[in-house]
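One structure is given below, encoded as C-alpha coordinates.
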Amino acid sequence: MAKLIPVGTFDLVIFGGTGDLAMRKLLPALYHRDLDGQVTTESRIIGASRGALSRDEYLAEIRESLIRNLGDGDFDESHWQTFSQRIQYVQADAFAHDEWQALVDVLSGYENRTRVAYLATAPGLFGPIAAGLKKNALVTGHSRIVLEKPLGRDYESAREINNAVGDCFAENQIYRIDHYLGKETVQNLLALRFGNSLFEPLWRRNVIDHVQITVAEDLGVGGRVEFYDRVGALRDMVQNHIMQLVCLFAMEPPSSLHHDAVRDEKIKVLRSLKPISAADVGASTVRAQYRAGAINNSTVPGYGDELNGTSSTTETFVALKLEIENWRWSNVPFYLRTGKRLAGKHSEIVVQFQDVPHSIFPEQKYNVSPNLLRIRLQPDEGVQLSVMAKEPGPGGFDLRPVSLDLSFAETFGVSYPDAYERLLMEVLRGNPALFMRRDEVEAAWHWIDGIIEGWETSKQKVESYVSGSWGPAASSLLLDRDGRAWHSDNQL
Ligand code: BG6
(Lines give C-alpha, C1' and ligand atoms only; values in the text may rest on other atoms or scores of the structure.)
Protein backbone atom coordinates (compact mmCIF):
# COMPACT_ATOMS: atom_id res chain seq x y z
CA MET A 1 0.00 0.00 0.00
CA ALA A 2 1.45 3.39 -0.99
CA LYS A 3 2.00 5.65 1.99
CA LEU A 4 -0.56 8.34 2.74
CA ILE A 5 0.82 11.85 2.62
CA PRO A 6 -1.34 14.08 4.87
CA VAL A 7 -2.61 17.32 3.40
CA GLY A 8 -2.53 20.59 5.30
CA THR A 9 -5.65 22.19 6.74
CA PHE A 10 -7.93 23.52 4.00
CA ASP A 11 -11.24 25.15 3.14
CA LEU A 12 -12.86 23.47 0.14
CA VAL A 13 -15.87 25.25 -1.35
CA ILE A 14 -17.87 23.02 -3.69
CA PHE A 15 -19.99 25.08 -6.09
CA GLY A 16 -22.73 22.77 -7.32
CA GLY A 17 -22.56 21.30 -3.81
CA THR A 18 -25.96 19.61 -4.09
CA GLY A 19 -25.41 18.32 -7.63
CA ASP A 20 -24.81 14.85 -8.99
CA LEU A 21 -21.01 15.06 -9.14
CA ALA A 22 -20.69 16.38 -5.59
CA MET A 23 -23.01 13.73 -4.21
CA ARG A 24 -21.84 10.75 -6.25
CA LYS A 25 -18.10 11.40 -6.46
CA LEU A 26 -16.65 14.33 -4.49
CA LEU A 27 -18.21 13.82 -1.07
CA PRO A 28 -17.70 10.02 -1.09
CA ALA A 29 -14.05 10.64 -2.09
CA LEU A 30 -13.59 13.15 0.76
CA TYR A 31 -15.29 10.77 3.19
CA HIS A 32 -12.80 8.00 2.27
CA ARG A 33 -9.79 10.30 2.63
CA ASP A 34 -11.14 11.49 5.96
CA LEU A 35 -11.66 7.89 7.10
CA ASP A 36 -8.01 7.17 6.27
CA GLY A 37 -6.93 10.12 8.40
CA GLN A 38 -5.70 12.32 5.55
CA VAL A 39 -7.94 15.27 6.41
CA THR A 40 -7.13 17.42 9.43
CA THR A 41 -9.78 18.07 12.09
CA GLU A 42 -9.83 21.82 11.35
CA SER A 43 -10.41 21.44 7.59
CA ARG A 44 -13.78 22.52 6.24
CA ILE A 45 -15.95 21.46 3.30
CA ILE A 46 -18.42 24.13 2.30
CA GLY A 47 -21.21 23.18 -0.08
CA ALA A 48 -22.48 26.14 -2.13
CA SER A 49 -25.46 26.27 -4.44
CA ARG A 50 -28.50 28.33 -5.40
CA GLY A 51 -30.99 26.52 -3.16
CA ALA A 52 -32.09 27.74 0.27
CA LEU A 53 -31.09 24.78 2.43
CA SER A 54 -30.34 24.59 6.12
CA ARG A 55 -27.12 22.88 7.16
CA ASP A 56 -29.16 20.01 8.64
CA GLU A 57 -31.02 19.51 5.39
CA TYR A 58 -27.75 19.50 3.46
CA LEU A 59 -26.19 16.98 5.85
CA ALA A 60 -29.25 14.74 5.55
CA GLU A 61 -28.89 14.75 1.74
CA ILE A 62 -25.19 13.91 1.95
CA ARG A 63 -25.73 11.14 4.49
CA GLU A 64 -28.32 9.50 2.29
CA SER A 65 -26.14 9.77 -0.80
CA LEU A 66 -23.08 8.38 1.01
CA ILE A 67 -25.07 5.35 2.09
CA ARG A 68 -26.14 4.90 -1.53
CA ASN A 69 -22.81 5.62 -3.21
CA LEU A 70 -20.12 4.26 -0.91
CA GLY A 71 -19.05 0.66 -1.41
CA ASP A 72 -20.67 -2.01 0.73
CA GLY A 73 -19.90 -1.60 4.38
CA ASP A 74 -17.95 1.65 3.91
CA PHE A 75 -20.53 3.88 5.57
CA ASP A 76 -19.88 4.04 9.27
CA GLU A 77 -22.31 5.96 11.47
CA SER A 78 -19.72 6.95 14.05
CA HIS A 79 -17.30 8.18 11.39
CA TRP A 80 -20.13 10.10 9.74
CA GLN A 81 -20.57 11.99 13.02
CA THR A 82 -16.92 13.10 12.79
CA PHE A 83 -16.91 13.79 9.04
CA SER A 84 -20.16 15.76 9.08
CA GLN A 85 -18.70 18.23 11.57
CA ARG A 86 -16.41 19.51 8.81
CA ILE A 87 -19.31 20.28 6.45
CA GLN A 88 -21.17 23.57 6.07
CA TYR A 89 -23.62 24.94 3.53
CA VAL A 90 -24.02 28.42 2.00
CA GLN A 91 -26.46 29.74 -0.56
CA ALA A 92 -24.72 31.43 -3.50
CA ASP A 93 -26.08 32.17 -6.96
CA ALA A 94 -23.30 32.20 -9.59
CA PHE A 95 -24.58 35.48 -11.06
CA ALA A 96 -25.75 37.35 -7.93
CA HIS A 97 -22.29 38.32 -6.65
CA ASP A 98 -23.68 40.93 -4.26
CA GLU A 99 -25.51 38.21 -2.36
CA TRP A 100 -22.49 36.13 -1.39
CA GLN A 101 -22.24 37.52 2.13
CA ALA A 102 -22.79 34.08 3.72
CA LEU A 103 -19.76 32.72 1.86
CA VAL A 104 -17.69 35.80 2.68
CA ASP A 105 -18.56 35.38 6.38
CA VAL A 106 -17.66 31.69 6.44
CA LEU A 107 -14.26 32.30 4.81
CA SER A 108 -13.30 35.47 6.55
CA GLY A 109 -10.46 35.06 9.02
CA TYR A 110 -9.17 31.94 7.22
CA GLU A 111 -7.11 33.69 4.54
CA ASN A 112 -3.92 31.86 5.43
CA ARG A 113 -5.07 28.35 4.78
CA THR A 114 -5.32 26.51 1.45
CA ARG A 115 -8.57 27.62 -0.13
CA VAL A 116 -10.01 25.60 -3.00
CA ALA A 117 -13.07 26.50 -5.07
CA TYR A 118 -14.27 23.34 -6.82
CA LEU A 119 -16.64 24.20 -9.69
CA ALA A 120 -18.82 21.11 -10.08
CA THR A 121 -21.20 23.09 -12.27
CA ALA A 122 -22.00 23.63 -15.93
CA PRO A 123 -19.07 25.24 -17.78
CA GLY A 124 -21.17 28.34 -18.49
CA LEU A 125 -20.86 29.17 -14.77
CA PHE A 126 -17.06 28.90 -14.54
CA GLY A 127 -16.40 32.51 -15.62
CA PRO A 128 -19.20 34.04 -13.48
CA ILE A 129 -18.17 32.10 -10.35
CA ALA A 130 -14.50 33.01 -10.77
CA ALA A 131 -15.56 36.66 -11.18
CA GLY A 132 -17.75 36.41 -8.05
CA LEU A 133 -14.82 35.09 -6.04
CA LYS A 134 -12.63 37.93 -7.23
CA LYS A 135 -15.26 40.61 -6.70
CA ASN A 136 -15.86 39.45 -3.14
CA ALA A 137 -12.11 39.44 -2.48
CA LEU A 138 -12.14 35.70 -1.85
CA VAL A 139 -9.10 34.93 -4.02
CA THR A 140 -6.00 34.76 -1.83
CA GLY A 141 -2.39 33.79 -2.47
CA HIS A 142 -3.37 30.32 -1.20
CA SER A 143 -6.39 29.94 -3.51
CA ARG A 144 -6.88 27.32 -6.21
CA ILE A 145 -9.80 26.78 -8.53
CA VAL A 146 -10.84 23.41 -9.96
CA LEU A 147 -12.74 23.23 -13.24
CA GLU A 148 -14.69 20.10 -14.11
CA LYS A 149 -14.98 18.89 -17.67
CA PRO A 150 -16.42 19.62 -20.17
CA LEU A 151 -14.43 22.82 -20.48
CA GLY A 152 -16.66 24.49 -23.05
CA ARG A 153 -18.14 22.86 -26.13
CA ASP A 154 -15.54 23.91 -28.71
CA TYR A 155 -12.22 25.73 -29.04
CA GLU A 156 -13.79 29.20 -28.92
CA SER A 157 -15.90 28.59 -25.83
CA ALA A 158 -12.96 26.89 -24.08
CA ARG A 159 -10.81 29.93 -24.81
CA GLU A 160 -13.48 32.27 -23.47
CA ILE A 161 -13.72 30.25 -20.26
CA ASN A 162 -9.95 30.10 -19.91
CA ASN A 163 -9.74 33.87 -20.43
CA ALA A 164 -12.53 34.60 -17.94
CA VAL A 165 -11.07 32.35 -15.24
CA GLY A 166 -7.56 33.56 -16.14
CA ASP A 167 -8.66 37.14 -15.34
CA CYS A 168 -9.21 36.09 -11.73
CA PHE A 169 -6.68 33.29 -11.11
CA ALA A 170 -3.10 32.73 -12.26
CA GLU A 171 -2.55 29.67 -14.50
CA ASN A 172 -0.75 27.85 -11.67
CA GLN A 173 -3.85 28.24 -9.50
CA ILE A 174 -6.16 26.64 -12.09
CA TYR A 175 -6.71 22.86 -11.96
CA ARG A 176 -8.60 21.45 -14.97
CA ILE A 177 -9.80 17.99 -14.07
CA ASP A 178 -9.87 14.99 -16.32
CA HIS A 179 -10.64 12.19 -13.89
CA TYR A 180 -8.99 9.59 -16.15
CA LEU A 181 -5.65 11.08 -15.14
CA GLY A 182 -6.44 10.11 -11.54
CA LYS A 183 -7.02 6.47 -12.39
CA GLU A 184 -4.27 4.19 -11.12
CA THR A 185 -4.12 2.23 -14.37
CA VAL A 186 -3.76 5.37 -16.44
CA GLN A 187 -0.82 6.43 -14.29
CA ASN A 188 0.50 2.93 -14.71
CA LEU A 189 0.98 3.71 -18.39
CA LEU A 190 3.82 5.97 -17.28
CA ALA A 191 5.25 3.22 -15.08
CA LEU A 192 4.98 0.67 -17.87
CA ARG A 193 6.60 2.87 -20.48
CA PHE A 194 9.27 4.65 -18.46
CA GLY A 195 9.92 2.25 -15.58
CA ASN A 196 10.92 -0.57 -17.94
CA SER A 197 13.55 -0.53 -20.63
CA LEU A 198 11.84 -3.41 -22.41
CA PHE A 199 9.10 -1.47 -24.15
CA GLU A 200 10.79 1.69 -25.39
CA PRO A 201 12.53 0.07 -28.42
CA LEU A 202 9.19 -1.53 -29.39
CA TRP A 203 7.12 1.62 -29.02
CA ARG A 204 7.36 2.83 -32.61
CA ARG A 205 6.24 2.59 -36.17
CA ASN A 206 8.52 -0.14 -37.43
CA VAL A 207 7.39 -2.61 -34.72
CA ILE A 208 3.77 -1.67 -34.00
CA ASP A 209 1.12 -2.29 -36.63
CA HIS A 210 -1.66 -0.29 -34.99
CA VAL A 211 -3.20 0.66 -31.65
CA GLN A 212 -6.80 0.29 -30.50
CA ILE A 213 -8.37 2.19 -27.62
CA THR A 214 -11.82 1.12 -26.41
CA VAL A 215 -13.70 2.84 -23.60
CA ALA A 216 -17.03 1.01 -23.45
CA GLU A 217 -19.83 1.51 -20.96
CA ASP A 218 -22.91 -0.61 -20.46
CA LEU A 219 -24.87 2.19 -18.79
CA GLY A 220 -27.03 4.51 -20.84
CA VAL A 221 -27.27 8.25 -20.32
CA GLY A 222 -29.92 7.81 -17.61
CA GLY A 223 -30.89 10.94 -15.70
CA ARG A 224 -28.31 13.06 -17.60
CA VAL A 225 -30.14 12.83 -20.90
CA GLU A 226 -30.82 16.56 -21.26
CA PHE A 227 -27.23 17.49 -20.53
CA TYR A 228 -25.90 14.65 -22.65
CA ASP A 229 -28.03 15.52 -25.63
CA ARG A 230 -26.22 18.86 -25.91
CA VAL A 231 -22.84 17.17 -25.65
CA GLY A 232 -22.57 13.69 -27.22
CA ALA A 233 -19.83 11.06 -27.00
CA LEU A 234 -17.18 12.97 -28.97
CA ARG A 235 -17.20 15.92 -26.58
CA ASP A 236 -17.99 13.89 -23.46
CA MET A 237 -15.32 11.19 -23.80
CA VAL A 238 -12.99 11.68 -26.76
CA GLN A 239 -11.98 15.34 -26.39
CA ASN A 240 -10.72 14.67 -22.87
CA HIS A 241 -10.40 11.11 -21.53
CA ILE A 242 -9.44 9.34 -24.74
CA MET A 243 -7.17 12.17 -25.92
CA GLN A 244 -5.32 11.95 -22.60
CA LEU A 245 -4.86 8.21 -23.09
CA VAL A 246 -3.52 8.82 -26.59
CA CYS A 247 -1.10 11.44 -25.26
CA LEU A 248 0.27 9.31 -22.42
CA PHE A 249 0.60 6.35 -24.75
CA ALA A 250 2.23 8.18 -27.63
CA MET A 251 4.30 10.98 -26.07
CA GLU A 252 8.10 11.06 -26.05
CA PRO A 253 9.83 10.30 -22.74
CA PRO A 254 9.61 13.45 -20.58
CA SER A 255 12.77 14.71 -18.94
CA SER A 256 11.24 14.17 -15.48
CA LEU A 257 7.88 13.70 -13.79
CA HIS A 258 7.67 17.45 -13.24
CA HIS A 259 4.19 18.56 -14.28
CA ASP A 260 5.34 20.82 -17.08
CA ALA A 261 7.82 18.25 -18.41
CA VAL A 262 4.97 15.75 -18.88
CA ARG A 263 2.54 18.32 -20.22
CA ASP A 264 5.12 19.68 -22.68
CA GLU A 265 5.36 16.19 -24.21
CA LYS A 266 1.59 15.64 -24.28
CA ILE A 267 0.96 18.90 -26.13
CA LYS A 268 3.39 17.84 -28.87
CA VAL A 269 1.23 14.78 -29.54
CA LEU A 270 -1.92 16.91 -29.74
CA ARG A 271 -0.20 19.27 -32.16
CA SER A 272 0.86 16.35 -34.36
CA LEU A 273 -2.64 14.95 -34.86
CA LYS A 274 -3.60 14.78 -38.50
CA PRO A 275 -6.70 16.93 -38.92
CA ILE A 276 -9.90 15.13 -39.90
CA SER A 277 -11.83 17.43 -42.21
CA ALA A 278 -15.20 17.28 -43.97
CA ALA A 279 -13.60 15.32 -46.80
CA ASP A 280 -12.26 12.67 -44.37
CA VAL A 281 -15.03 12.22 -41.79
CA GLY A 282 -16.87 9.61 -43.87
CA ALA A 283 -13.79 7.36 -44.10
CA SER A 284 -12.31 8.08 -40.67
CA THR A 285 -15.23 8.43 -38.27
CA VAL A 286 -18.45 6.69 -37.26
CA ARG A 287 -21.14 8.22 -35.13
CA ALA A 288 -24.12 6.33 -33.84
CA GLN A 289 -26.93 6.23 -31.29
CA TYR A 290 -28.25 3.27 -29.28
CA ARG A 291 -31.66 1.81 -29.81
CA ALA A 292 -33.55 -0.51 -27.47
CA GLY A 293 -31.97 -3.85 -26.64
CA ALA A 294 -30.96 -6.03 -23.72
CA ILE A 295 -28.07 -5.77 -21.28
CA ASN A 296 -27.47 -8.48 -18.67
CA ASN A 297 -30.77 -10.06 -19.65
CA SER A 298 -32.78 -6.91 -18.95
CA THR A 299 -34.42 -4.95 -21.71
CA VAL A 300 -33.38 -1.32 -21.95
CA PRO A 301 -34.98 1.56 -23.86
CA GLY A 302 -33.45 3.33 -26.83
CA TYR A 303 -31.93 6.82 -26.62
CA GLY A 304 -34.91 8.34 -28.42
CA ASP A 305 -37.28 6.83 -25.81
CA GLU A 306 -35.19 8.34 -23.03
CA LEU A 307 -35.60 11.69 -24.77
CA ASN A 308 -39.36 11.09 -24.72
CA GLY A 309 -39.47 10.52 -28.43
CA THR A 310 -37.78 13.81 -29.37
CA SER A 311 -35.64 13.23 -32.42
CA SER A 312 -31.95 13.86 -31.91
CA THR A 313 -28.74 13.36 -33.87
CA THR A 314 -26.54 13.33 -30.77
CA GLU A 315 -24.08 10.43 -30.91
CA THR A 316 -23.84 8.00 -27.99
CA PHE A 317 -21.10 6.08 -29.79
CA VAL A 318 -18.13 7.24 -31.78
CA ALA A 319 -15.32 5.38 -33.53
CA LEU A 320 -12.37 7.16 -35.16
CA LYS A 321 -9.20 6.47 -37.01
CA LEU A 322 -6.56 8.87 -35.75
CA GLU A 323 -3.10 9.46 -37.13
CA ILE A 324 -0.13 11.09 -35.46
CA GLU A 325 2.15 12.82 -37.91
CA ASN A 326 5.58 12.49 -36.37
CA TRP A 327 8.65 10.28 -36.73
CA ARG A 328 7.60 7.75 -34.10
CA TRP A 329 4.02 7.18 -35.23
CA SER A 330 3.82 7.98 -38.91
CA ASN A 331 1.50 5.45 -40.65
CA VAL A 332 0.50 3.73 -37.39
CA PRO A 333 -3.28 4.14 -37.14
CA PHE A 334 -4.89 4.58 -33.72
CA TYR A 335 -8.46 3.27 -33.77
CA LEU A 336 -10.53 4.79 -30.97
CA ARG A 337 -14.06 4.02 -29.91
CA THR A 338 -16.33 4.78 -27.02
CA GLY A 339 -20.03 4.36 -26.41
CA LYS A 340 -22.88 4.01 -23.99
CA ARG A 341 -25.03 0.87 -23.66
CA LEU A 342 -22.40 -1.39 -25.17
CA ALA A 343 -21.89 -5.03 -24.25
CA GLY A 344 -20.12 -4.25 -20.98
CA LYS A 345 -18.00 -1.77 -19.02
CA HIS A 346 -14.62 -2.39 -20.47
CA SER A 347 -11.72 -0.06 -21.22
CA GLU A 348 -8.44 -1.09 -22.69
CA ILE A 349 -5.59 -0.17 -24.99
CA VAL A 350 -4.54 -2.95 -27.36
CA VAL A 351 -1.24 -2.71 -29.17
CA GLN A 352 -0.97 -5.00 -32.17
CA PHE A 353 2.60 -5.68 -33.22
CA GLN A 354 3.57 -6.40 -36.80
CA ASP A 355 3.29 -9.82 -38.39
CA VAL A 356 6.37 -12.00 -38.44
CA PRO A 357 8.21 -11.06 -41.65
CA HIS A 358 8.27 -14.66 -42.86
CA SER A 359 6.61 -17.75 -41.40
CA ILE A 360 8.75 -20.85 -41.08
CA PHE A 361 5.68 -22.92 -40.12
CA PRO A 362 4.27 -23.83 -43.49
CA GLU A 363 1.33 -25.88 -42.24
CA GLN A 364 0.42 -23.08 -39.97
CA LYS A 365 1.19 -20.24 -42.26
CA TYR A 366 -2.17 -18.63 -41.65
CA ASN A 367 -2.12 -19.19 -37.91
CA VAL A 368 0.81 -17.16 -36.69
CA SER A 369 -1.10 -14.33 -35.04
CA PRO A 370 0.62 -11.06 -34.33
CA ASN A 371 1.62 -10.36 -30.72
CA LEU A 372 -0.80 -8.24 -28.75
CA LEU A 373 -0.13 -6.14 -25.69
CA ARG A 374 -3.35 -5.38 -23.83
CA ILE A 375 -3.34 -2.68 -21.21
CA ARG A 376 -6.60 -3.24 -19.32
CA LEU A 377 -7.78 -0.02 -17.70
CA GLN A 378 -11.01 -1.24 -16.16
CA PRO A 379 -12.30 -3.55 -14.83
CA ASP A 380 -9.75 -6.21 -13.86
CA GLU A 381 -6.84 -3.80 -14.32
CA GLY A 382 -3.66 -5.35 -15.64
CA VAL A 383 -1.38 -6.03 -18.56
CA GLN A 384 -1.46 -9.04 -20.84
CA LEU A 385 1.01 -9.98 -23.56
CA SER A 386 -0.02 -12.63 -26.04
CA VAL A 387 2.76 -14.65 -27.63
CA MET A 388 2.69 -17.65 -29.93
CA ALA A 389 3.54 -21.01 -28.35
CA LYS A 390 3.61 -24.59 -29.56
CA GLU A 391 0.71 -26.80 -28.51
CA PRO A 392 2.19 -29.67 -26.51
CA GLY A 393 2.09 -33.04 -28.29
CA PRO A 394 4.26 -35.36 -30.34
CA GLY A 395 2.58 -34.88 -33.73
CA GLY A 396 2.70 -31.78 -35.95
CA PHE A 397 3.68 -28.30 -34.99
CA ASP A 398 0.55 -26.51 -33.91
CA LEU A 399 0.86 -22.99 -32.70
CA ARG A 400 -1.56 -21.00 -30.64
CA PRO A 401 -1.47 -17.66 -28.83
CA VAL A 402 -0.98 -17.85 -25.05
CA SER A 403 -1.01 -15.02 -22.55
CA LEU A 404 1.47 -13.69 -20.07
CA ASP A 405 -1.02 -12.14 -17.74
CA LEU A 406 -0.46 -9.64 -14.93
CA SER A 407 -3.45 -8.68 -12.83
CA PHE A 408 -2.71 -5.63 -10.69
CA ALA A 409 -5.41 -6.53 -8.15
CA GLU A 410 -3.90 -9.99 -7.60
CA THR A 411 -0.35 -8.70 -7.52
CA PHE A 412 -0.89 -5.79 -5.17
CA GLY A 413 -3.86 -7.25 -3.29
CA VAL A 414 -5.62 -3.90 -2.97
CA SER A 415 -8.69 -2.39 -4.52
CA TYR A 416 -8.05 0.89 -6.28
CA PRO A 417 -9.32 4.14 -4.77
CA ASP A 418 -11.63 6.24 -6.90
CA ALA A 419 -9.79 8.68 -9.18
CA TYR A 420 -11.38 11.66 -7.42
CA GLU A 421 -9.74 10.70 -4.11
CA ARG A 422 -6.33 11.02 -5.68
CA LEU A 423 -7.14 14.18 -7.62
CA LEU A 424 -8.68 16.04 -4.68
CA MET A 425 -5.60 15.32 -2.57
CA GLU A 426 -3.33 16.53 -5.40
CA VAL A 427 -5.22 19.84 -5.62
CA LEU A 428 -5.02 20.30 -1.86
CA ARG A 429 -1.31 19.55 -1.97
CA GLY A 430 -0.79 21.98 -4.85
CA ASN A 431 0.49 19.45 -7.39
CA PRO A 432 -0.87 20.16 -10.90
CA ALA A 433 0.82 17.19 -12.65
CA LEU A 434 -2.44 15.25 -13.08
CA PHE A 435 -4.39 18.22 -14.43
CA MET A 436 -4.64 19.69 -17.89
CA ARG A 437 -2.85 22.85 -18.87
CA ARG A 438 -4.72 25.48 -20.85
CA ASP A 439 -2.86 24.79 -24.10
CA GLU A 440 -3.65 21.05 -23.90
CA VAL A 441 -7.37 21.62 -23.55
CA GLU A 442 -7.42 24.13 -26.39
CA ALA A 443 -5.32 21.94 -28.71
CA ALA A 444 -7.63 18.97 -28.10
CA TRP A 445 -10.68 21.11 -28.89
CA HIS A 446 -9.04 22.42 -32.03
CA TRP A 447 -8.75 18.87 -33.38
CA ILE A 448 -12.25 17.85 -32.24
CA ASP A 449 -13.79 20.98 -33.80
CA GLY A 450 -12.60 19.80 -37.24
CA ILE A 451 -14.57 16.56 -36.84
CA ILE A 452 -17.71 18.31 -35.61
CA GLU A 453 -17.58 20.76 -38.50
CA GLY A 454 -16.98 17.85 -40.86
CA TRP A 455 -20.03 16.03 -39.54
CA GLU A 456 -22.13 19.14 -39.95
CA THR A 457 -21.02 20.10 -43.44
CA SER A 458 -21.03 16.57 -44.82
CA LYS A 459 -24.29 15.76 -42.99
CA GLN A 460 -22.75 12.47 -41.96
CA LYS A 461 -25.33 9.84 -41.11
CA VAL A 462 -25.90 8.95 -37.46
CA GLU A 463 -25.93 5.13 -37.47
CA SER A 464 -27.85 3.15 -34.89
CA TYR A 465 -26.85 0.12 -32.81
CA VAL A 466 -28.65 -2.31 -30.58
CA SER A 467 -28.07 -1.76 -26.87
CA GLY A 468 -25.87 -4.55 -25.56
CA SER A 469 -23.84 -4.86 -28.80
CA TRP A 470 -20.38 -3.53 -29.65
CA GLY A 471 -21.76 -0.65 -31.69
CA PRO A 472 -22.89 -0.31 -35.30
CA ALA A 473 -21.62 -2.42 -38.20
CA ALA A 474 -19.94 0.71 -39.55
CA SER A 475 -17.51 0.57 -36.61
CA SER A 476 -16.30 -2.90 -37.66
CA LEU A 477 -16.14 -1.69 -41.26
CA LEU A 478 -13.84 1.16 -40.24
CA LEU A 479 -11.18 -1.43 -39.40
CA ASP A 480 -12.26 -3.98 -41.95
CA ARG A 481 -11.41 -1.52 -44.74
CA ASP A 482 -7.82 -1.60 -43.47
CA GLY A 483 -7.84 -5.41 -43.11
CA ARG A 484 -8.12 -5.24 -39.30
CA ALA A 485 -10.68 -6.02 -36.58
CA TRP A 486 -11.46 -4.85 -33.05
CA HIS A 487 -9.84 -7.10 -30.46
CA SER A 488 -12.01 -6.37 -27.43
CA ASP A 489 -15.23 -7.77 -28.75
CA ASN A 490 -14.54 -11.33 -27.62
CA GLN A 491 -13.20 -10.36 -24.22
CA LEU A 492 -16.37 -10.20 -22.13
C1 BG6 B 1 -17.48 11.12 -17.51
C2 BG6 B 1 -18.51 11.21 -18.59
O3 BG6 B 1 -16.49 12.10 -17.70
O4 BG6 B 1 -16.87 9.83 -17.55
C5 BG6 B 1 -19.56 10.11 -18.40
O6 BG6 B 1 -19.13 12.48 -18.54
C7 BG6 B 1 -18.90 8.76 -18.32
O8 BG6 B 1 -20.50 10.14 -19.46
C9 BG6 B 1 -17.77 8.76 -17.31
O10 BG6 B 1 -19.88 7.82 -17.96
C11 BG6 B 1 -16.98 7.47 -17.38
O12 BG6 B 1 -16.06 7.43 -16.32
P13 BG6 B 1 -15.54 6.06 -15.73
O14 BG6 B 1 -14.58 6.47 -14.67
O15 BG6 B 1 -16.75 5.34 -15.20
O16 BG6 B 1 -14.91 5.32 -16.88
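Indexing begins at 1, ligand by ligand and atom by atom, following the structure's order.
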Original post:
Are P301 and R341 side-chain neighbours, meaning at least one heavy-atom pair lies under 4.5 Å?
Top reply: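 P301 reaches R341 side chain to side chain.
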
Original post:
Which pairs with one or both residues in residues 184-193 pass side-chain hydrogen bond (donor to acceptor under 3.5 Å, both in side chains), sequence neighbours excluded?
Top reply: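 Output for this query lists Q187-R422.
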
Original post:
So, the side chain of E442 versus the backbone of E156: is there a donor-acceptor pair under 3.5 Å, distance only?
Top reply: no

Report all N/O contacts between ligand 1 and the protein shorter than 3.5 Å as a table of atom names and distances to 0.1 Å; if there are none, say 'none'.
residue: ligand 1; atom: 3 (O); partner: K149; partner atom: NZ; Å: 2.8
residue: ligand 1; atom: 3 (O); partner: H241; partner atom: NE2; Å: 2.7
residue: ligand 1; atom: 4 (O); partner: H241; partner atom: NE2; Å: 3.4
residue: ligand 1; atom: 6 (O); partner: K149; partner atom: NZ; Å: 3.1
residue: ligand 1; atom: 6 (O); partner: R224; partner atom: NH2; Å: 2.9
residue: ligand 1; atom: 6 (O); partner: D236; partner atom: OD1; Å: 2.6
residue: ligand 1; atom: 6 (O); partner: D236; partner atom: OD2; Å: 3.3
residue: ligand 1; atom: 8 (O); partner: R224; partner atom: NH1; Å: 2.8
residue: ligand 1; atom: 8 (O); partner: D236; partner atom: OD2; Å: 2.6
residue: ligand 1; atom: 8 (O); partner: K340; partner atom: NZ; Å: 2.6
residue: ligand 1; atom: 10 (O); partner: E217; partner atom: OE1; Å: 2.5
residue: ligand 1; atom: 10 (O); partner: E217; partner atom: OE2; Å: 3.3
residue: ligand 1; atom: 10 (O); partner: K340; partner atom: NZ; Å: 3.0
residue: ligand 1; atom: 12 (O); partner: H179; partner atom: NE2; Å: 3.1
residue: ligand 1; atom: 14 (O); partner: H179; partner atom: NE2; Å: 2.8
residue: ligand 1; atom: 14 (O); partner: K183; partner atom: NZ; Å: 2.6
residue: ligand 1; atom: 15 (O); partner: K345; partner atom: NZ; Å: 2.7
residue: ligand 1; atom: 16 (O); partner: Y180; partner atom: OH; Å: 2.5
residue: ligand 1; atom: 16 (O); partner: K345; partner atom: NZ; Å: 3.3
residue: ligand 1; atom: 16 (O); partner: Q378; partner atom: NE2; Å: 2.8

**OP:** Compute the centroid of each ring, for F249 and then for W203, and state whether the two points are separated by less than 6.0 Å.
**Re:** yes

Original post:
Who passes side-chain hydrogen bond (donor to acceptor under 3.5 Å, both in side chains) against D34, sequence neighbours left out?
Top reply: H79, R86

Subject >> side-chain hydrogen bond (donor to acceptor under 3.5 Å, both in side chains) against E61, all qualifying residues, sequence neighbours excluded >> reply: none

